[in-house]
Amino acid sequence: MLLNLNDPDSIVAWWTVLPDRHDAYLSHKARVSPEFAPAINEARRRIAAHPELNRTLELSNARRLQHEAAMASRNDSLSSLQLRHQELATAA
């Protein structure tokens with residue numbers, strides 16, 4: 001699927017394929033490429049206004065929060081040396 005970041009319809013269609021990852025990407029892209037922010041914001045408005053897409057967004061946000069909580073809990077149980085090894089492995 002091709003994504004046109006200047007077209008809100010294209011953004012919404014692309015977002016629905018994998019909302020968990022695509023929502024984070026859109027947040028990042030709107031920050032680093034402000035020229036796409038108007039179309040991204042319009043796509044987000046459409047997602048929020050559409051009941052089914054809004055429910056998908058809520059589920060996606062809930063999964064993200066669960067994942068972040070699980071990672072924080074996991075990291076609390078690791079030693080600082082283990083965390084550093086994990087960071088280095090992820091960076092490689």
Side-chain angles (χ1 to χ4, degrees):
M1 169 178 262
L2 295 176
L3 170 63
N4 179 352
L5 287 170
N6 289 311
D7 179 16
D9 290 331
S10 175
I11 295 169
V12 170
W14 176 79
W15 179 88
T16 60
V17 173
L18 191 59
D20 293 2
R21 288 193 178 190
H22 291 172
D23 198 52
Y25 175 79
L26 290 175
S27 295
H28 167 76
K29 198 63 175 172
R31 272 193 318 274
V32 300
S33 301
E35 67 271 19
F36 298 123
I40 291 171
N41 291 336
E42 174 60 20
R44 288 197 163 150
R45 188 196 63 74
R46 292 179 189 182
I47 290 167
H50 190 282
E52 187 176 321
L53 295 178
N54 191 28
R55 178 74 179 133
T56 302
L57 176 61
E58 289 172 0
L59 291 172
S60 173
N61 287 336
R63 282 190 300 268
R64 180 183 51 79
L65 291 174
Q66 286 175 340
H67 174 74
E68 289 173 359
M71 292 304 292
S73 174
R74 180 175 164 243
N75 287 346
D76 287 345
S77 67
L78 296 175
S79 71
S80 61
L81 182 60
Q82 288 171 317
L83 282 172
R84 186 65 179 146
H85 281 272
Q86 183 182 33
E87 290 172 5
L88 292 172
T90 303

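Numbers here simply count residues along the sequence, with the first being 1.
- Shown here are the side chain to side chain donor-acceptor pair (under 3.5 Å) partners of S27, two or more places apart in sequence or in another chain: R44.
- L2 and I40 sit in two unconnected hydrophobic clusters of ILVMFWY residues. Membership requires side-chain heavy atoms under 4.5 Å apart, directly or through other members.
- When the side chain to side chain donor-acceptor pair (under 3.5 Å) test is applied to R46, the partners found at least two apart in sequence or on another chain are D9, E42.
- To the nearest 0.5 Å, the span separating CZ on R21 from CZ on R64 amounts to 14.5 Å.
- Here the closest non-hydrogen pair linking L53 and W15 is O-CH2, 3.6 Å.
- The backbone N or O of A37 sits less than 3.5 Å from a side-chain atom of N41, completing a donor-acceptor pair.
- Applying the side-chain hydrogen bond (donor to acceptor under 3.5 Å, both in side chains) definition to pairs two or more places apart or across chains, those involving residues 50-62 are D20-S60.
- Note on V32: it does not cluster hydrophobically with L26, by side-chain heavy-atom contacts below 4.5 Å among ILVMFWY residues.
- In terms of hydrophobic clustering, with Ile, Leu, Val, Met, Phe, Trp and Tyr side chains grouped at heavy-atom distances under 4.5 Å, V17 and L59 are assigned to different clusters.
- In summary, of the residues considered (T16, N4, L5, N6), a side chain to side chain contact (heavy atoms under 4.5 Å, CB included) with I11 occurs for L5 alone.
- Contacts classified as ring-ring contact (aromatic ring centres under 6.0 Å, His included) and involving residues 23-46 (residues at least two apart or in different chains) are given here: W14-Y25.
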